[in-house]
Amino acid sequence: MNSDLFALIRGRVGAALAASAAAVPEDVLARIEVSPPREAAHGDMASNAAMVAAKAVGQPPRVLAETLARHLATAPEIAAAEVAGPGFLNIRLHPAALHAVIPAILAAGEAYGDATIGAGERVNVEYVSANPTGPMHIGHCRGAVVGDALANLLAKTGFAVTREYYVNDSGAQVTALAWAAYWRYLRAIGSDIAAEDFAARAPSGLQYRGEYLIPVGAALAEKFGRSLAAEDGGVAPPEMWFERVRDCAIAAMMAAIREDLDLLGVRPDVFASERELVASGAVEAVIARLAQAGLIYEGVLAPPKGKLPEDWEPREQTLFRATQFGDDVDRPLRKSDGSATYFANDIAYHADKIGRGFTTLIDVWGADHGGYVARMQAAIRALAGDRARFDVLLCQIVHVLKGGQPVRMSKRAGTFVTLRDLIEEVGRDVVRFIMLTRKSDAQMEFDLDQAVAETRENPVFYVQYAHARCRSVLRHAAEQGFPTTPEALAGVALDSLADAAELALIRRLAGWPRLVEGAARAFEPHRIAFFLYDLAGDFHILWNRGREAATLRFIQPERPAETGARLALVAATAMVIRSGLAVMGVAPVEEMR
RNA sequence: GCGCCCUUAGCUCAGUCGGAUAGAGCAACAGCCUUCUAAGCUGUGGGUCACUGGUUCGAAUCCAGUAGGGCGCGCCA
């Protein structure tokens, strides 16, 4: 059977429509849905087909629906189809059709729900891309998890996914990092130069004062001795030390970031270096391309409307005609010293991705970069027209709560919560799960107390608990001599599964492929978390029924046939939970401690 | 001032390319259980989907405007 029951029935509806009416346009067909009904009393599935197609067919919705219902009633899976409301088709399935979901799951394993909508299209998901200027903190964490889960989701639905991290190892922030590391170096070789005195001598002050650079200073002292300092152990001219210190500092920061990512279970396929990109000439090449296309000019931008910045003065700049591609203003590509802006580098980077053969580019950014989306969109349209699709997922800020109080984070005060701290406090799987319990563009509160609570309030616990219960049942059954392998359970008779709670659980399982596909199309990995929470709820209900009525327990030693059917259902449930957790990058637990 | 995102139950949030009587958890209230399958279970109340207008068979969903919140706004990345 088709392993997506909803897709199967949608096919039946399509066939019924083809048999009842003249050709219906493609765009109308595409709008036909077969979905779970809001009310369980409406049956197993509902379709809007008659309402959607009524106009094209030239019949009132209810009349068309009656015709479709008659055709549908002849389909082997369908027990009844009736018309309701303004023209809904309510479809009731034969129990056997629902039951067939279970062996399909057991046969497919974690691959149940895999789809082919990606058709092998090459997608590049760029996420995290934290500047290599310090350890990762909570602010980076959400984007890392969302990007990683999205990549998993797209891979599951047939896209050829590359996970990429863009290393901003060029520019002012990295220069500031080099100076900060140099200060730590001077301290390491015995200089007592104070932070304020050093800041006065560094071109952009001393921006990174965190203790995490102390080991970098020590390593520099170890490697270079006093050779990077002036005779008196003070600040030497940058030509003497800058590149070596910078490279060393970046390497140390990237090593730390990779460790942090690894703790989180994030392992990018590609680390793309901005500095290498610039060195390769790609930026000048892409500016030349745009110039050739007539999309660059020297001009003066109008000041922002409303209140004028204090230091505003008109300046002539090299501008990209972003307004031709939907942006509000044209955007500068060069600073006044002639060097490229970050935007110019980023255009070159995205052009590079397109050049590597990706046709869908997805960037996961912090919400503070929201104002940047339109110009990047414009640049990509200018370069690739409609040959490449570009989407940005903006991740809103995460507020951390402890004891009901917000945990204030300040780099300067040194109180920011690092990713490592967070993982050590609640665990990697909890971090990943919680980060996916909100739409990415909604603000989120991360309640440290709730994250480790063992109650229904904690979705991680609730879902893991359902999986552990499933596994526990299967372990007990195996001890009592019941077959519990997927192969064995895929062959058992399932007729006895007729309880309302059992059928509700099966319906939920049947919806997994549909959910996966929808989440992938919308780039919304958080839907997986909500689905698993609901699925866990359905399972827990069934489990609790057994507390009251012994005959509803999964294992019935005197009734091997019913037990087999229930074990198959339990095994299928565990499999779908595993499958969902795999997308989220969370490891399923076999038992609760 | 302009642009983007957001506004759904007391709280935190779901809500599928527009679909039927808008859902869940928490909190509140009322019962049950006091056990063994494992950290309780069942039920009830609670909504002008920020507001106003529009599109249509049908709008929380799309469009326009208003109010409130977040983010951003020429050589930071």
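Just so we're on the same page: letters track the sequence lines, and every chain starts at 1. Computed from a predicted model, the values in this text were never measured in an experiment.
- Only the P atoms considered, B:G25 is 16 Å distant from B:A14, to the nearest whole Å.
- Residue-level contact check: A:His476 touches neither bases nor backbone, having no heavy atom under 4.0 Å from any strand.
- Under a cutoff of 6.0 Å and an axis angle of 45°, A:Arg321 and A:Phe325 do not form a cation-pi pair.
- As judged by a 4.0 angstrom heavy-atom cut-off over every strand, A:Asp327 is placed among residues making no nucleic acid contact.
- Comparing B:G19, B:C76, B:C17 by their closest approach to the side chain of A:Glu33 singles out B:C17.
- Side chain A:Arg514 to base B:U16: a donor-acceptor pair is found below 3.5 Å.
- Comparing B:A77, B:G74, B:G19 by their closest approach to the side chain of A:Pro332 singles out B:G74.
- Looking at which nucleotide of RNA chain B each of A:Lys55 and A:Arg10 is closest to, the 5′-most match is held by A:Arg10.
- Proximity note for A:Gln396 (side chain, C-beta onward) versus B:A39, B:G70, B:A77: the nearest is B:G70.
- Side-chain contact annotation: A:Gln556 with A:Thr563, donor-acceptor N/O pair under 3.5 Å absent.
- Ring pair A:Phe482/A:His476: centre-to-centre distance not below 6.0 Å.
- Partner assigned to B:U61 is none, using Watson-Crick or G-U wobble distances below 3.5 angstrom.
- Base pairing analysis places B:U66 opposite B:A50; the two distances defining the Watson-Crick or G-U wobble pair are each below 3.5 Å.
- Residue contacts for A:Gly518: at a heavy-atom cut-off of 4.0 Å it reaches no nucleic acid atom on any strand shown.
- Set against B:C13, B:U42, B:A38, the side chain of A:Ile541 has B:U42 as its closest nucleotide.
- Across every strand in view, B:C26 sits in a pair with B:G10 that passes the Watson-Crick or G-U test at under 3.5 angstrom.
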Step-by-step salt bridge (Lys or Arg N to Asp or Glu O under 4.0 Å) determination, A:Glu284 to A:Arg334: CA-CA 11 Å; A:Glu284 292 309 317; A:Arg334 291 189 194 281; 2.9 Å; yes
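- Using a 4.0 Å heavy-atom criterion, one finds that A:Ala519 contacts no nucleic acid atom at all.
- Geometric assessment of A:Arg514 against the ring of A:Phe6 yields a positive cation-pi assignment under the 6.0 Å and 45° thresholds.
- Distances were taken from every side-chain heavy atom of A:Asn48 (C-beta onward) to each of B:A77, B:G19, B:G74; the shortest belongs to B:G19.
- The A:Tyr533 side chain lies nearest to B:G25 when the options are B:G15, B:A77, B:G25.
- Using a distance-only test at 3.5 Å, with no hydrogens or angles considered, a donor-acceptor pair links the side chain of A:Asp330 to the main chain of A:Ala322.
- Side-chain proximity of A:His526 to B:C71, B:C5, B:A14: nearest is B:A14.
- Toward the 5′ end of RNA chain B lies the nearest nucleotide of A:Leu542, the other residue of the pair A:Leu542 and A:Ile397 mapping further downstream.
- B:U52 sits 16 Å from B:U7 when the C1' atoms are compared, rounded to a whole Å.
- As judged by a 4.0 angstrom heavy-atom cut-off over every strand, A:Phe530 is placed among residues touching the sugar-phosphate backbone only.
- For A:Lys335, counting side-chain heavy atoms from C-beta on, the closest listed nucleotide (B:G19, B:U12, B:C76) is B:C76.
- Backbone-only engagement by A:Ala172 is indicated by non-hydrogen atom pairs under 4.0 Å involving sugar-phosphate atoms exclusively.
- When both distances must be under 3.5 Å, the Watson-Crick or G-U wobble mate of B:C2 is B:G72.
- The heavy-atom pair separating A:Asp328 from A:Thr323 by the smallest distance is O-CG2, 3.4 Å.
- Listed by residue number, A:Phe461, A:Tyr465, A:Arg469, A:Ser472 are the residues of residues 461-472 of chain A with a heavy-atom contact under 4.0 Å to RNA chain B.
- B:U16 is unpaired under the criterion used here, namely a Watson-Crick or G-U wobble arrangement in which both key atom distances are under 3.5 Å.
- Nucleotide B:C41 has B:G31 as its partner under the Watson-Crick or G-U criteria, with both atom distances under 3.5 Å.
- Spacing between B:A22 and B:G47 at atom C1', rounded to whole Å, works out to 8 Å.
- For A:Tyr349 and A:Tyr166, the gap between ring centers is short of 6.0 Å.
- Residues A:His350 and A:Phe390 bring their aromatic ring centres within 6.0 Å.
- Between B:U12 and B:C6, the two C1' atoms lie 15 Å apart (nearest whole Å).
- Comparing the P positions of B:A27 and B:U42 gives a spacing of 15 Å, expressed to the nearest Å.
- Ring pair A:Tyr462/A:Phe530: centre-to-centre distance not below 6.0 Å.
- Looking at the side chain of A:Arg527, the nearest of the listed nucleotides B:U42, B:A14, B:U16 is B:U16.
- Comparing B:G19 with B:U66, their C1' atoms sit 29 Å apart, to the nearest whole Å.
- Comparing B:G15, B:G72, B:C5 against the side chain of A:Asp441 picks out B:C5 as the nearest.
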